[in-house]
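First the structure, in the form of C-alpha cells, and then the observations on it.
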Amino acid sequence: MNILVLSLTRKLKASDKTEYLKKFEALKADDRTVEVKELFDNALLLERELNKSLKAKPDLIVVSGGLEKGESSFRSKFAFIIKNAERKIQKAPSAKKKGRRKKGEEIKTVTYNRKKIHIFPVDLGGATAYAFNYRGVKLVSVPERLTESHLEELTEKVSDVFLKNEDAYPDGYSLRERKVRVLTFFERHFPIKSDPSSEKARKSVTLAALCVFLVAAYLFVNNMFIIPMRNSAIISNIQTIFYEGTDTASGKDKNKITERNWKKLEKINKEIVGWVKINHTEIDYPILWHKEDDAENQYYLWRNVNEEYYQGGTTSIFMDWRSKKGMDSRNIILHGHHMEDGSMFTDLLKYGSTSGNLAFYKKAPVVYISTKKGGTVPYKIISVFKSNVDPSLGEYFDFYCANFKNDAQYLNYIYNLRIRSLINCPVSVNEKDQLLSLVTCSYEFGDGENFRTCIVARKCRKGESPEVDTGSASLNKNAVWPQCYYSRYGGTRPTVSTFKNEYKKGKLSWYDGTFNGKGSEQLPTSYTIPTEPTTKPTQPTTKPKTTSKPVQKTTCNLKVYSDKKKPIVDKTVKINKEVKLPKIKPFTKNGYKYTLKNWKAKYSGKTVTLKKTVTRVTLSADTKIYAKFTKTKIKTEPKETKPTKATNPTKETKATKATKPTQETKPTEPESVDPEVTEPPEE
C-alpha cells in the first residue's frame, strides 16, 4: 500500500529539520510505503500537487494541516478542488444545437445523472478527519495535532468508512439528476424569453463585460501600438524628405539644407516654416505656423503635419499664436505634446524634474533651428524651468510672452527666466538677442493641464562660436518655484526682484548689453511694483537722489463676489499667502435653481477661469474673484386650490404685498466679469 503525505505549513523548512514530519513514520507497516512532502499552505498549490501525485497512483493521500476551524476550514480549502474534480470525473453531455432554431420549434432537454463527491467524517478519538474520493484515489484531510497513535489506526478507519457506505455511495459518489437544454450558439450567450431571471442577468452581465473588455482592448492597442506606429511612419517620411539633400550639400557646411527639401516640404504642408532639432533626443521635427490661430483656437493642437485630426495626440510642433511675426518674433514659442511613446517634446523632461539634470544639459546645451532663408542656426539654452498655468497652484508667471513694449520689459522677462532656471547656464544674454521657447506638459504637480516644462534658448550671435562652456554650468539650488512647490516640499520662496534693481546692484553676471535704464519693465502678468511711474508728472522735476532701497509691496486686496454687486469678501492679505475662498451653496430664486459653475479671477488686467473645486488661492496682486452660476428651471406641478369666498380687494392687495419676497431680481454679476478669458493652450 503506497501512502503519500502532504504536510501543509505556512513556512517551508527542510524536511530533515522538521521534527513534526517524523510522526508520519507511524503509518509505515510491513506492506506500506510512506512518502512525505512538505507543501506551502495554499489551495492552488495543493490542487496542483494532487494532480501531479495521481501519476504515481498512490492508494491513499493524507493531507495534514489547515483544519484549525474544523469543517469550515476544510470546506473553504477543498471547495473548488472538489468542484474541479467533479468536472473531470464526468462531463455534461453535449447541449449544442447546430444551425438556427426553426420558428415554433421547442427547446429539447437532456437529462443525465451527475456524480457528486461525498465527504465522510472520520472519528479518530477526539479529532475529526474528512475523507473523500479524489478522482479515483482515497484522500483524507487530518488535523495537524494528530498523535502517532491516531495515525496508526488512520488507514483502517478510512477503509472502514468507505466500505460501510459502499451501497449508498458507490466509490464515494452520489448521483444527482441534472437537466441541460439543447441551445444554439445565440441562445447560449444571449438572453432569451425562456431563460430564468438569474440566467438572463448572468448573460447580460457577461455580454456587458465582454463589450467593455473589447472597447478597452481596442483603445489600448490603438493608443499603445497603432497610433505610435502611424505617427512614427509620418515622422520618418517627413524626416527622409527633409534630410535627403544633406549628402549633396557643400562639404564646408554639413548643416546646409538644399532648396529642393523645402519645396517638397511645402507640397506636404505650406505652413511648415522651420525645423527644430536637439541632439541626443528624439526632437527632430518640422515647425508649423497657422497664422489664424488665437487664444481659443490653435489649429495644430490636435492635428498632425498632414492636417489630420486626432484627439489622442498628434505629430505636430506648432508655433504659439502670440508669436505673430513667426520665425522673426522676438520670442519664438513652440508647443509640442508630451507623448507616451517618447515622441514630440517628451524629451524636454530629460533636462530635469524637481531638480535639474546637469549631466544631460552638458550633452545637449544647444537647440538647432533650420529655416528656408536662414539655414541652420544654433540657439544656446539659457533657462530650464517649470511653471504652473493655473493660479490655484500659486503665482502664475506668464512665460507666454512673445511681444515686448521696450527693452526694459524684455530684460525683466529674461531676468525672471534666469531666476527660475533649475540650471545656471553659462550663456550671456542682452536686449539684442532673439529667444526660442520650447513648451510641453509636465506632471510634477497635478495633471498636464496645470503645469509646464519650458526650455528657453537665445540665438547664436553672428560670428559667435556655437560651443557652450558646459564645464562652468551648475545646479541652481535657489530656483524660484510656484507656491505649490513650497507647500509640498517646504522651504521659503525667494524674493523676486526686477532686472533694474539687480542691474544697479551689479549682480547680473549673465548680462553683457548696454542698458540705458529707460522704459517700464512691468510684465503683462507680473506682480512686482514698477520702479518708475507709468505716467509722466504734470510739472517737470529733477530726479531725486535716493539712498534707500526701493520699497517692495507686501500686501494686496482681495474681493470675492457672489450673486450680488456687493462683495462678500473684501480684505487685505499678504502677498504669496494662501487665502481660503468662501463656500457658495446652491440657492433658488423665482422658480430657478442656481449652482456654482466656476470662478472668474481678474487681476493685472487679465481674467482667468478657476474650477469650482478650488478652495484656496495664493495672491500676488490685487484680485477680484466672481462666482459664475449654472441656472436650471425647477419643475413644479400645479396644485389644486379650493374655491374661497370673495374678500375685499383692498385687503387682498395688502396680503399679497406682504407675502411677496423682498428680492425678486435674478442674480446678476458686475459688468467687469465679462471680458474674454485668455488661457494658456493645452499641451
Side-chain angles (χ1 to χ4, degrees), residues 331 333 345 347-365 367 380-391 393-401 411-429 435-446 448 450-458 468-499 501-503 505 507-511 521 523 525-528 552 575-578 618 620 680:
N331 184 12
I333 304 173
F345 274 175
D347 281 350
L348 292 184
L349 274 71
K350 290 183 177 180
Y351 286 96
S353 181
T354 53
S355 61
N357 186 345
L358 192 60
F360 184 77
Y361 166 77
K362 289 181 178 181
K363 290 199 303 182
V367 182
K380 298 181 179 181
I381 296 175
I382 64 170
S383 178
V384 177
F385 71 95
K386 311 281 181 170
S387 180
N388 60 311
V389 291
D390 184 350
L393 295 176
E395 176 190 350
Y396 168 47
F397 165 60
D398 188 6
F399 57 89
Y400 291 109
C401 291
L411 292 172
N412 195 31
Y413 173 77
I414 296 174
Y415 163 76
N416 276 271
L417 296 178
R418 302 288 299 218
I419 62 174
R420 287 168 170 80
S421 180
L422 303 177
I423 299 172
N424 294 317
C425 304
V427 179
S428 60
V429 194
L435 297 183
L436 170 71
S437 299
L438 311 181
V439 186
T440 192
C441 294
S442 201
Y443 297 89
E444 287 80 7
F445 297 91
N450 301 326
F451 224 72
R452 299 287 185 271
T453 291
C454 188
I455 309 297
V456 182
R458 64 103 168 143
V468 177
D469 181 19
T470 55
S472 58
S474 62
L475 294 177
N476 184 4
K477 297 181 179 180
N478 201 30
V480 177
W481 281 82
Q483 186 59 39
C484 57
Y485 174 87
Y486 304 98
S487 300
R488 178 182 295 182
Y489 298 108
T492 304
R493 190 171 187 268
T495 302
V496 178
S497 183
T498 65
F499 172 82
N501 291 338
E502 298 302 304
Y503 179 68
K505 297 175 184 178
K507 294 184 177 181
L508 302 178
S509 58
W510 49 265
Y511 178 68
E521 60 181 350
L523 297 177
T525 55
S526 174
Y527 304 117
T528 54
Q552 297 289 333
I575 286 178
N576 294 332
K577 184 178 180 182
E578 282 193 351
T618 303
S620 297

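Since we're looking at a predicted model, the values are computed, not measured. Residue numbers count from 1 along this sequence. Note: hydrogens, waters and symmetry copies are ignored here, and every other heavy atom, side chains too, is used.
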[atom1]-[atom2] distance between [X] and [Y], expressed to the nearest 0.5 angstrom:
| X | Y | atom1 | atom2 | answer |
| --- | --- | --- | --- | --- |
| Y511 | S428 | OH | OG | 11.0 Å |
| R420 | F399 | CZ | CZ | 10.5 Å |
| Y415 | K507 | OH | NZ | 9.0 Å |
| L438 | I381 | CG | CD1 | 7.5 Å |
| Y351 | F360 | OH | CZ | 5.0 Å |
| Y486 | C484 | OH | SG | 9.5 Å |

Does some side-chain heavy atom of [Y] sit less than 4.5 Å from a side-chain heavy atom of [X]?
| X | Y | value |
| --- | --- | --- |
| I423 | L475 | yes |
| V496 | I419 | yes |
| V468 | P426 | yes |
| F385 | V456 | yes |
| F445 | N388 | no |
| L417 | F397 | yes |

Which atom of [X] lies closest to which atom of [Y], heavy atoms considered:
| X | Y | value |
| --- | --- | --- |
| C401 | Y413 | CB-CE1, 3.8 Å |
| L422 | S353 | CD1-O, 3.7 Å |
| L349 | S442 | CD2-OG, 4.3 Å |
| R418 | N476 | O-ND2, 4.1 Å |

N357 and V384: CA distance, side-chain angles, deciding distance, side chain to side chain contact (heavy atoms under 4.5 Å, CB included) verdict: CA-CA 10 Å; N357 186 345; V384 177; over 6 Å; no

[X] and [Y]: side-chain donor and acceptor closer than 3.5 Å?
| X | Y | result |
| --- | --- | --- |
| N331 | S437 | yes |
| E444 | T354 | no |
| S474 | N424 | yes |

Do [X] side-chain atoms and [Y] backbone N/O form a donor-acceptor pair below 3.5 Å?
| X | Y | result |
| --- | --- | --- |
| R493 | V480 | no |
| K386 | G352 | yes |
| N412 | T498 | no |

Pair L411-E521, side chain to side chain contact (heavy atoms under 4.5 Å, CB included): steps then yes or no: CA-CA 8 Å; L411 292 172; E521 60 181 350; over 6 Å; no

R452 vs Y400, side chain to side chain contact (heavy atoms under 4.5 Å, CB included): CA-CA, chis, key distance, verdict: CA-CA 11 Å; R452 299 287 185 271; Y400 291 109; 3.4 Å; yes

Plane angle bin for F499 and W510 - parallel if under 30°, tilted between 30 and 60°, otherwise perpendicular: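 Plane angle between 30° and 60°, so tilted.
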
